[in-house]
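Please read the structure below before turning to the comments.
In the text below, chain A, chain B and the rest are named by the order of the sequence lines, each starting its count at 1. No hydrogens, no waters, no symmetry mates; every other heavy atom, side chains included, goes into these values.
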Number of protein chains: 2
Amino acid sequence: MARTQGSHSDITGPRVRAAALRLFARHGFAAVSMRQIAAEVGVQAGALYNYTPDKQSLLYSLLKGHMDELLAAWDDEGAGGAPLDRLARFTRFHIRFNVERPDAIFISYMELRNLEPENFAVIERLRRAYEDELEHILRDGVAAGVFEVPDLKIATLAVIAMLNGVNTWYRPGGRLSLDEVQTMYWDMVRRAVGA
Amino acid sequence: MARTQGSHSDITGPRVRAAALRLFARHGFAAVSMRQIAAEVGVQAGALYNYTPDKQSLLYSLLKGHMDELLAAWDDEGAGGAPLDRLARFTRFHIRFNVERPDAIFISYMELRNLEPENFAVIERLRRAYEDELEHILRDGVAAGVFEVPDLKIATLAVIAMLNGVNTWYRPGGRLSLDEVQTMYWDMVRRAVGA
DNA sequence: GTCTATAAGGTGATAGAC
DNA sequence: GTCTATCACCTTATAGAC
């Protein structure tokens with residue numbers, strides 16, 4: 001796989017990002033060297049710096065891209081309907097989105113502490129924006145009398161934590177289909193919020 | 001704080017463990033050097049090797065000690081009673097135990113991937129044993145007709161994931177007391193399992 | 001039990017040839 | 001755009017003095 005010389009104005013950039021995502025998820029940001037990433041891509045370490053100014057920016061760019069994609073995807077399919085329908089849609093959306101990109105999800109909450117403060121603040125703000133989407137659904141449901149939760153903020157975090165747990169065990173082709181998993185968690189979420 | 005010479009058959013060992021726990025939780029195992037740990041304790045790096053054969057053993061020892069303590073604590077106060085009572089006790093126990101030792105909890109699920117395979121297998125087995133405690137409660141409740149869950153294994157993991165979420169936001173002296181948090185989560189857990 | 005000194009090797013990042 | 005070579009530094013772990 002190793003190249004010896006020559007130009008490749010092709011797809012090296014995306015391959016660098018893909019390799020970094022995979023390795024960061026497997027071993028952790030701090031444990032992965034630029035040389036390891038380069039070896040995975042099939043270039044020498046120096047060549048990576050054509051695609052990122054430094055290692056930190058590479059991590060930030062992966063997390064930022066992931067959060068943008070998450071919010072855009074929910075924006076596409078989350079809008080409208082009664083609170084109960086929106087909560088069902090959120091539950092199924094969140095599970096599907098997460099299990100489709102386990103590496104990005106993993107580093108998005110494991111490597112936050114390795115972001116420099118300004119980068120951390122940006123990602124944190126986006127994470128909050130996503131949480132707020134769920135909180136608004138719950139608030140509307142409580143106002144409409146169809147949900148009953150002990151505390152809006154805590155119910156929001158509890159539901160997200162429960163749904164995030166899926167990624168720790170779900171594997172495509174396992175005992176349960178994605179649809180079955182979504183349905184089971186919807187059952188539990190629905191009950192947890194008193195619907 | 002730095003010593004210059006002399007013997008200290010005192011409490012250096014525990015201080016090494018405490019410093020390592022704190023630093024691993026803050027920055028991650030791979031990002032923390034033996035020199036940093038030594039500086040925190042107030043000794044030179046070489047002195048650490050009086051207390052651990054290597055860095056990996058230090059991590060393993062922290063995780064193993066934590067899991068032993070968890071299982072022993074639950075063994076002390078978890079036994080007996082009706083499924084509903086046992087589930088309430090598990091919920092409150094799990095939350096209290098977790099918020100009392102955030103650093104140990106954090107590294108126990110963040111640094112598993114940095115354990116060597118044999119060490120990982122041991123910790124994983126203990127984690128399973130703890131999960132099984134909850135699964136047995138749910139099974140007994142379902143058998144008794146007081147719980148209703150979509151799937152025993154999934155309900156177990158969903159409840160634990162939800163409860164683990166507390167550590168991401170709870171701080172002593174915050175808006176809610178520990179008892180209030182325990183009560184709110186018990187509300188949501190009870191409903192999630194159809195009790 | 002702690003120190004200093006050191007071995008052996010890995011780290012992120014840059015310079016300049018092609 | 002990629003290579004090779006290199007800088008300055010940090011890493012884990014050990015040896016031997018005190």
Side-chain angles (χ1 to χ4, degrees), chain A residues 1-24 26-63 107 111 113-119, chain B residues 1-21 23-24 26-63 107 111 113-116 118-119:
Chain A
M1 194 59 63
R3 312 288 193 155
T4 45
Q5 199 74 305
S7 72
H8 300 282
S9 61
D10 52 356
I11 39 94
T12 305
R15 294 184 63 215
V16 169
R17 295 170 59 82
L21 181 68
R22 209 182 77 87
L23 289 170
F24 290 166
R26 293 273 187 298
H27 309 292
F29 175 74
V32 173
S33 72
M34 294 299 270
R35 282 171 179 77
Q36 278 177 273
I37 299 170
E40 183 101 342
V41 174
V43 296
Q44 292 300 313
L48 297 181
Y49 292 87
N50 289 313
Y51 303 98
T52 180
D54 51 37
K55 193 185 174 192
Q56 163 75 205
S57 302
L58 187 50
L59 175 62
Y60 172 66
S61 158
L62 290 171
L63 295 188
I107 69 168
E111 303 299 353
R113 63 185 170 184
N114 284 308
L115 287 174
E116 284 165 6
E118 316 91 82
N119 291 341
Chain B
M1 194 59 65
R3 313 288 196 154
T4 44
Q5 198 74 304
S7 73
H8 299 281
S9 62
D10 52 358
I11 40 95
T12 304
R15 294 184 63 216
V16 168
R17 295 171 58 82
L21 181 68
L23 289 170
F24 290 166
R26 293 272 186 302
H27 310 292
F29 174 75
V32 172
S33 71
M34 295 298 269
R35 279 174 180 75
Q36 278 177 274
I37 299 170
E40 183 103 342
V41 174
V43 296
Q44 293 301 312
L48 297 181
Y49 292 87
N50 288 314
Y51 302 98
T52 181
D54 52 36
K55 195 184 171 190
Q56 164 75 203
S57 301
L58 188 49
L59 174 62
Y60 172 67
S61 157
L62 290 172
L63 295 188
I107 70 169
E111 304 298 353
R113 63 187 168 182
N114 284 307
L115 288 174
E116 284 164 6
E118 317 90 82
N119 291 340

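In this structure, the nucleotide among dG1(C), dG12(C), dC3(C) sitting nearest to the side chain of Val43(B) is dC3(C). Picking from dC3(C), dT2(D), dT2(C) the nucleotide with the shortest atom distance to the side chain of Thr12(A) gives dT2(D). Of the candidate nucleotides dA13(D), dG1(C), dG1(D), dA13(D) has the atom nearest to the side chain of Tyr49(B). The side chain of Ala47(B) lies closest to dC3(C), out of dC3(C), dA13(D), dA13(C). Listed candidates were dC3(C), dC3(D), dG12(C). Nearest to the side chain of Gln44(B) is dC3(C).
Atoms CD1 (Ile37(B)) and P (dT11(D)) sit 11 Å apart, rounded to a whole Å. Atom C1' of nucleotide dG16(C) and atom CG of Asn50(A) are separated by 13 Å, given to the nearest angstrom.
Atoms CD and OH, on Glu118(B) and Tyr60(B) in that order, are 9.5 Å from each other to the nearest 0.5 Å. Atom CZ in Arg17(A) sits 13.0 Å away from atom OH in Tyr51(A) (nearest 0.5 Å).
OP1 or OP2 of dT2(D) lies within a sub-4.0 Å distance of a side-chain N or O belonging to Tyr51(A).
Nucleotides of DNA chain C nearest to Ala30(A) and Ala45(B) differ in position, and the one nearer the 5' end is that of Ala45(B).
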Write down the protein N/O and nucleotide N/O pairs, taken from nucleotides 7-11 of chain C, whose separation is under 3.5 Å; answer none if there are no such pairs.
from: dT11(C); atom 1: OP1; to: Ser33(A); atom 2: OG; distance (Å): 3.4

- Item | Gln56(B) and Leu115(B): CA distance, side-chain angles, deciding distance, side chain to side chain contact (heavy atoms under 4.5 Å, CB included) verdict | CA-CA 7 Å; Gln56(B) 164 75 203; Leu115(B) 288 174; 3.8 Å; yes
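Using a 4.5 Å heavy-atom cutoff, the side chains of Asn50(A) and Thr12(A) are not in contact.
By the side-chain hydrogen bond (donor to acceptor under 3.5 Å, both in side chains) test, Glu116(A) pairs with no residue at all, sequence neighbours left out. Legend: residues meeting side-chain hydrogen bond (donor to acceptor under 3.5 Å, both in side chains) with Arg113(B), ordered by chain and number and at least two apart, are Glu111(A). In this structure, Arg26(B) has no side-chain hydrogen bond (donor to acceptor under 3.5 Å, both in side chains) partners at least two apart in sequence or on a different chain. Considering only residues two or more places apart in sequence or on other chains, Ser57(B) meets the side-chain hydrogen bond (donor to acceptor under 3.5 Å, both in side chains) condition with Asp54(B).
Taking the screw axis at each terminus of the helix from dG1(C)-dC18(D) to dC18(C)-dG1(D) from five consecutive base pairs, the angle between the two is 0° to within rounding of 10 degrees.
Between Glu40(B) and Ala19(B), the closest heavy-atom pair is CG-CB, 3.6 Å.
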